[in-house]
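The structure appears right after this line, and notes come after that.
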Amino acid sequence: MGEKILVCIAWPYAKSVTHVGQIVGSILPGDIFARYNRMIGNDVLMVSGSDAHGTPITVEADQEGVEPDVIVERYHPKILEVWEKLDIQWDLYTKTTTPNHYAVTQDVFLKLLNNGYLFKDGAIAPFCPTDNRFLQDRYILGECPNCHYGKARGDQCEECGHLLEPQQLMNPYCRICGSKTSSIEFRETEHFYFNLPLLQDKLQTWLNAVSAQWRPNVVNFAMNWLKEGLKPRAITRDLNWGVPIPVAGFENKRIYVWFDAVIGYLSASKEWAQLQGRPEAWREWWEVTPENPRPSRSYYFIGKDNISFHAIFWPAMLIGYENLVLAYDVPANEFMQMGGHKASSSDGNVVWTPDALARYGGDALRYYLTISMPETHDSNFSYEELVRFNNDELVGVFGNAAHRVLTFTHKNYGATVPTPGEFTAEDKALLEISHNVFELSGKAIAAVKLREGLAESMNAARAINKYIDEQAPWKVMKTDKQRAGTVLYTVIQALGALRITLTPYIPAAAQRLHELLGFSGLVKDTPWQFAEVLAGQALPEPKPLFTKFDPPAAAEPETAKTEAAK
RNA sequence: GGCGACGUAGCUCAGUGGUAGAGCAAAGGACUCAUAAGCCUUCGGUCACUGGUUCGAAUCCAGUCGUCGUCACCA
């Protein structure tokens, strides 16, 4: 058995069906990485789920006049459908409303409390007498003291961008009841704080040791945060939606979402273990012991907005809990813009994943999103580019290489893999490429350079087309059928290699090629290594691997705003 | 405003001290097995700008401009 690999993927809000920016930023890179690791024989546990406790969900629930759980239960099943169509191979995709997650969150809370990392402190918070509840900053509106915009929020004025404290707002009022007659009060309340300064040194030591290979934006961001000095951070709120606080006197408060969401990685691992019928199995990935100081390599696939939570707060929580494995790498991606502008679901400037899937399917979407993955800087989504990459590269380069050879073999060699004769230098060169692509692409994927890993396979596909043109088996066959058969055999070996190396990227297409080459079983369970396609192996009737698409109509908007999809 | 990442051919991007690269787009050519796909050739860049270090800078340093993120109640 190989190494234990823990693939943790950022938890999407359960208030939409996910947009392609979320897919390209964390879901897809995690899936590609996990699939590769399974194929090289590593023992992968890949988990995530829907985050139910985010503020946007309570805002939406308040607007609709329903319980937050109604919003969650509306979207969670739709999200599961998206994973199905996108071929995301989870070990478990759960949600933060499970009893298990509540229990694990409370356990972490109590452990940190007992270990001395939490403390209580008073705070002054805005309170609405009409609704009889404390208000979060963004539930308060008022006049901005800076630009005098009338609907500034308690945390920030959207008009001038000024960061605000609720007390600074002029004529503040409650966003829920809208009452301007009963003025907002500022009442005393009490909360638990996570004493991050106590963990500063241990965090620094850990980061210094582990981050040498991390992406520069992640390392610099985290290091800078530590350099400025950590401050205690409140982890409870005056809310009624979230994980209850397991301490007497705090019945009307909840653990705040940023604290419980990251615990999801641990709670999901435990839930997975229970579902396996091996409730202790999660320890194999998580539990640090003297004999096993690094039970697994854990990777956190997130967007750049999430670096502080995964490179600072969550590691601090794990250190405070003791004996749980810390991140091995946090390969945060930059953002994918939409039509040249920042993606924003509130502005409608997003492409919903189900829309993109309905139009072009999983292969084309996965391929395009990988090609344009924002690994080093922001990228940009457009349907036009998606169609172009599908037509030029999937259809034209890879699909064509497979189809031209398989149809030719089918017509002229009795639908079996021809028996090769002597190999020429050119044959050996292509066979060498077919062997090397495993190491070249694998090395890139292992280093989480996923675009590069895909490029290695596509370079091999280009080499196939070049070789076919140079060898011209349709010409050679007229005088030397044995020689032309050797050429076809050679190309089929190269296709056999690509059906494996492309599996993490476009699993459905790779499976189709697997079958077109006469194999049974699942290519995703095939080891990541060269395997000969044996001479004499029967080949089924060839079919094109991919479908060509018409370019999208020019007038068509780049971002769909279908209410139904959301 | 502070901090960080990024800014390279029309487009998407690689390249972190030694004579500027790939794919696509564009132009031309040879071929015909293939979803008129594929192959070959050509065209195309004062590497955001200014200054500095160096024998030598896309690459290191400083500043400027632009994009994005973050700054502790968005996650």
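Just so it is clear: chains get the letters A, B, ... in the order the sequence lines come, proteins before strands, and each one is counted from 1.
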- Message: Using a 4.0 Å heavy-atom cut-off, does A/G229 contact any base of the nucleic acid, only the sugar-phosphate backbone, or nothing at all?
- Response: base
- Task: Establish, with yes or no, whether the OP1 or OP2 oxygen of B/A75 is under 4.0 angstrom from a side-chain nitrogen or oxygen of A/T55.
- Result: yes
- Message: If I take atom CG in residue A/D378 and atom P in nucleotide B/G4, what distance separates them, rounded to the nearest angstrom?
- Response: 18 Å
- Query: Do A/D260 and A/H101 have side-chain N/O donor and acceptor atoms under 3.5 Å apart?
  - Reply: yes
- Item | Upstream residue (5' side of RNA chain B) when A/R237 and A/N217 are each assigned their closest nucleotide | A/N217
- Message: Under 4.0 Å, heavy atoms only, any strand: does A/T409 hit a base, just the sugar-phosphate, or nothing?
- Response: nothing
- Item | Salt-bridge criterion met for A/R483 and A/D427 (N-O under 4.0 Å) | yes
- B/S/- along nucleotides 23-35 of chain B (protein heavy atoms under 4.0 Å) is SS-------SBBB
- Query: Expressed in whole Å, how much space separates the P atoms belonging to B/G23 and B/C40?
  - Reply: 9 Å
- Item | Exceeds 12 heavy-atom contacts within 6.0 angstrom, atom NZ of A/K543 | no
- Member of A/V405, A/N400, A/L488, A/V487 meeting the side chain to side chain contact (heavy atoms under 4.5 Å, CB included) criterion with A/I468: A/V405
- Note on the structure: A correct dot-bracket answer for RNA chain B, with pairs being Watson-Crick or G-U at under 3.5 Å, [ ] for crossing pairs and | for inter-strand pairs, is ((((((((.[[[[.)..(..]]]].((((.........)))).....[[[[[..)....]]]]])))))))....
- Query: Does A/D329 have any side chain to side chain contact (heavy atoms under 4.5 Å, CB included) partners at least two apart in sequence or in another chain, and if so, which?
  - Reply: A/W214, A/Y299, A/P331, A/V448
- Query: Under 4.0 Å: is that the gap between some side-chain N or O of A/K466 and OP1 or OP2 of B/C40?
  - Reply: yes
- More 5' along RNA chain B: A/E334 or A/N459, using each one's nearest nucleotide? A/E334
- Item | A/D51 and its side chain to side chain contact (heavy atoms under 4.5 Å, CB included) partner, picked from A/T97, A/T96, A/I57, A/V262 | A/T96
- Message: Categorize A/W225 for me: base, sugar-phosphate, or nothing, with a 4.0 angstrom heavy-atom threshold over every strand shown.
- Response: base
- Task: May I have the distance from A/M373 (atom CE) to B/C6 (atom P), rounded to whole angstrom?
- Result: 19 Å
- Query: Rounding to a whole Å, what distance do you find between A/N220:CG and B/G69:P?
  - Reply: 18 Å
- Rounded distance (Å) that lies between atom C1' of B/C11 and atom CG of A/N391: 16 Å
- Would you indicate whether A/N240, at its atom CG, is surrounded by more than 12 heavy atoms from other residues, nucleotides or ligands within a distance under 6.0 Å? no
- Task: Provide the distance between the two C1' atoms, one in B/A27 and one in B/U35, to the nearest whole Å.
- Result: 25 Å
- Item | Pairing of A/E470 and A/K466 as salt bridge, 4.0 angstrom limit | yes
- Task: Send over the distance from A/F259 CZ to B/A72 C1', rounded to a whole Å.
- Result: 15 Å
- Message: Quick check on the 6.0 Å ring-centre criterion: do A/Y360 and A/Y383 meet it?
- Response: yes
- Name the closest nucleotide to the A/K304 side chain, picking from B/G69, B/A75, B/A5. B/G69
- If you look at every strand shown and take non-hydrogen atoms under 4.0 Å, does A/D51 touch a base, only sugar-phosphate, or nothing? sugar-phosphate
- Write down the distance separating the C1' atoms in B/U70 and B/A75, rounded off to the nearest Å. 12 Å
- Query: Starting at CH2 of A/W214 and ending at P of B/G4, how long is that distance when rounded to a whole Å?
  - Reply: 18 Å
- Query: Which part of the nucleic acid, if any, lies within reach of A/F309 when heavy atoms closer than 4.0 Å are counted: base, sugar-phosphate only, or nothing?
  - Reply: base
- Mind checking the C1' distance from B/U32 to B/C24? Whole angstroms is fine. 24 Å
- Item | A/Q213, CD: over 12 other non-hydrogen atoms inside 6.0 angstrom | no
- Nearest to the side chain of A/E385, which nucleotide is it out of B/A72, B/C11, B/G69? B/C11
- Query: Would A/Y265 and A/H310 satisfy ring pair (Phe, Tyr, Trp, His ring centres under 6.0 Å), going step by step from the backbone distance to the final call?
  - Reply: CA-CA 11 Å; A/Y265 302 118; A/H310 293 80; 5.6 Å; yes
- Taking atom CG of A/N252 as the centre, does the number of heavy atoms from other residues, nucleotides or ligands within less than 6.0 Å exceed 12? no
- Query: Can you check the A/N306 CG to B/C71 P distance for me, whole Å?
  - Reply: 10 Å
- Spacing of the C1' atoms in B/G29 and B/C43 (rounded, Å): 15 Å
- Span that lies between the C1' atom of B/A26 and that of B/A34, in whole angstrom: 25 Å
- Task: Respond yes when some side-chain nitrogen or oxygen of A/T376 is under 4.0 Å from OP1 or OP2 of B/A5, and no when none is.
- Result: no
- Task: Mind checking A/N224 for me? I need base, sugar-phosphate or nothing, with any heavy atom below 4.0 Å counting as a touch.
- Result: sugar-phosphate
- Item | Residue A/H377, side-chain atoms from C-beta onward, closest of B/U70, B/C6, B/C3 | B/C6
- Query: Can you check the A/M338 CE to B/U67 C1' distance for me, whole Å?
  - Reply: 16 Å
- Which nucleotide in the set B/U67, B/A75, B/A5 lies at the smallest distance from any side-chain heavy atom of A/Q337? B/U67
- Taking the same atom, P, in B/A22 and in B/G1, what whole-Å distance lies between them? 41 Å
- Message: Using atom C1' in both nucleotides, what's the gap between B/A58 and B/G7 to the nearest angstrom?
- Response: 11 Å
